[in-house]
Amino acid sequence: MEAIREVQKRYCSAALAVAILLALCFVFAGMKPAGKGLVLGTLFSILNFILMGQTLPLRLGRTRNASIAVSFGSLGFRYLLLAIPLIVALRVETVHPVTTVFGIFMIQIVILADHFTKAFRRGDEKRA
């Protein structure tokens with residue numbers, strides 16, 4: 001469980017930092033709704049990622065059917081959770097829908113960027 005929390009802390013902190021920096025760039029460029037959408041989507045993405053890690057132990061030590069039920073219940077709840085920022089972005093004019101979608105995928109973007117940077121570092125170490 002501690003390893004999960006460390007991974008969550010690393011990726012969530014990086015995602016929030018990137019979102020805030022990009023949101024500040026949007027605000028300074030005069031696109032305040034875009035910045036709001038990015039931060040809103042990222043906050044819900046972080047919440048989704050944390051809930052995903054918290055439900056992992058619930059699936060262990062159960063029968064197959066109970067584990068499947070917990071998995072589908074968790075998945076359905078997290079989909080509903082991720083629908084909230086999309087609905088807000090579509091209904092409120094001060095939140096941009098496209099950047100909200102990018103915010104929802106911010107954790108995945110950060111994870112991919114982390115893996116790419118590690119792969120390039122390993123490639124540079126092999127060449128040296």
Side-chain angles (χ1 to χ4, degrees):
M1 194 67 178
E2 188 63 34
I4 293 171
R5 285 197 178 126
E6 288 297 319
V7 169
Q8 286 176 335
K9 184 177 179 182
R10 183 175 74 219
Y11 289 136
C12 292
S13 298
L16 192 58
V18 168
I20 290 172
L21 288 174
L22 287 174
L24 285 173
C25 291
F26 282 131
V27 169
F28 289 137
M31 299 186 304
K32 199 172 183 179
K36 286 181 183 180
L38 187 66
V39 171
L40 178 68
T42 302
L43 289 175
F44 276 86
S45 178
I46 289 170
L47 185 59
N48 177 49
F49 191 62
I50 290 171
L51 287 175
M52 191 184 319
Q54 296 298 319
T55 58
L56 281 175
L58 296 177
R59 298 177 202 159
L60 301 175
R62 296 182 185 262
T63 64
R64 181 176 181 211
N65 288 340
S67 180
I68 289 171
V70 168
S71 295
F72 278 123
S74 170
L75 186 65
F77 177 73
R78 290 185 298 110
Y79 279 161
L80 289 173
L81 182 74
L82 290 176
I84 294 171
L86 292 174
I87 292 169
V88 168
L90 292 173
R91 300 227 184 239
V92 179
E93 291 183 16
T94 60
V95 179
H96 197 273
V98 174
T99 57
T100 303
V101 172
F102 279 108
I104 288 173
F105 288 106
M106 188 62 73
I107 291 287
Q108 291 87 343
I109 292 168
V110 167
I111 291 171
L112 281 172
D114 183 53
H115 285 288
F116 280 133
T117 57
K118 285 181 182 178
F120 285 127
R121 285 183 193 153
R122 274 186 250 140
D124 289 343
E125 290 172 2
K126 287 181 181 177
R127 286 185 217 134

**Prompt:** Leu22 and Val110: same hydrophobic cluster, using ILVMFWY side-chain contacts below 4.5 Å?
**Reply:** yes
**Message:** Could you measure the distance from the NE2 atom of His96 to the CZ atom of Phe102? Nearest 0.5 Å is fine.
**Reply:** 10.5 Å
**Request:** Among residues two or more places apart or on two chains, list those pairs meeting side chain to side chain donor-acceptor pair (under 3.5 Å) that have a residue in residues 22-50.
**Result:** Asn48-Arg78
**Prompt:** Shared ILVMFWY cluster between Val70 and Leu80, side chains joined below 4.5 angstrom?
**Reply:** no
**Asked** Counting only N and O atoms by type, is there a donor-acceptor contact under 3.5 Å from the side chain of Ser67 to the main-chain atoms of Thr63?
**Response** no
**Item:** Nearest-0.5 Å distance that lies between atom CD1 in Ile84 and atom OG1 in Thr100
**Value:** 13.0 Å
**Message:** Determine whether Met31 and Val27 satisfy the following criterion, side chain to side chain contact (heavy atoms under 4.5 Å, CB included), listing intermediate values before the conclusion.
**Reply:** CA-CA 5 Å; Met31 299 186 304; Val27 169; over 6 Å; no
**Request:** With rounding to the nearest 0.5 Å, note down the distance linking CG in Leu81 to CG in Leu47.
**Result:** 4.5 Å
**Asked** When clusters are formed by joining ILVMFWY residues with side-chain heavy atoms under 4.5 Å apart, either directly or through shared neighbours, do Ile46 and Leu82 land in the same one?
**Response** no
**Request:** Begin with the C-alpha distance, continue with both residues' side-chain angles, and end with the deciding distance and a verdict on side chain to side chain contact (heavy atoms under 4.5 Å, CB included) for Leu86 and Val101.
**Result:** CA-CA 7 Å; Leu86 292 174; Val101 172; 3.6 Å; yes
**Item:** From Leu51 atom CG to Leu75 atom CG, the distance as rounded to the nearest 0.5 Å
**Value:** 12.0 Å
**Request:** Could you state whether Ile107 and Leu112 fall into the same hydrophobic cluster, counting links through intermediate Ile, Leu, Val, Met, Phe, Trp or Tyr residues with side-chain heavy atoms under 4.5 angstrom apart?
**Result:** no
**Message:** For Ile104 versus Pro85, what's the shortest heavy-atom pair and its separation?
**Reply:** CD1-CG, 3.9 Å
**Asked** Any chain of hydrophobic side-chain contacts (each under 4.5 Å) joining Phe116 to Val18?
**Response** no
**Item:** Nearest non-hydrogen partners of Gly53 and Ile4, listed with the distance
**Value:** CA-CG2, 4.0 Å
**Item:** Any side-chain heavy-atom pair of Val95 and Pro33 under 4.5 Å
**Value:** no
Side-chain donor/acceptor pairs under 3.5 Å, residues 8-17, sequence neighbours excluded:
unit_1, atom_1, unit_2, atom_2, d
Gln8, NE2, Phe49, O, 3.3
Gln8, NE2, Ile50, O, 3.3
Tyr11, OH, Asp114, OD2, 2.9
Ser13, OG, Lys9, O, 2.7

**Complete:** So SG of Cys25 and CD1 of Ile20: to nearest 0.5 Å the spacing works out to 12.0 Å
**Prompt:** So how far is it from Met106 CE to Leu43 CG, rounded to the nearest 0.5 Å?
**Reply:** 10.5 Å
**Message:** Looking at every heavy atom in both Ala23 and Gly35, which two are closest together, and how far apart are they?
**Reply:** CB-O, 3.7 Å
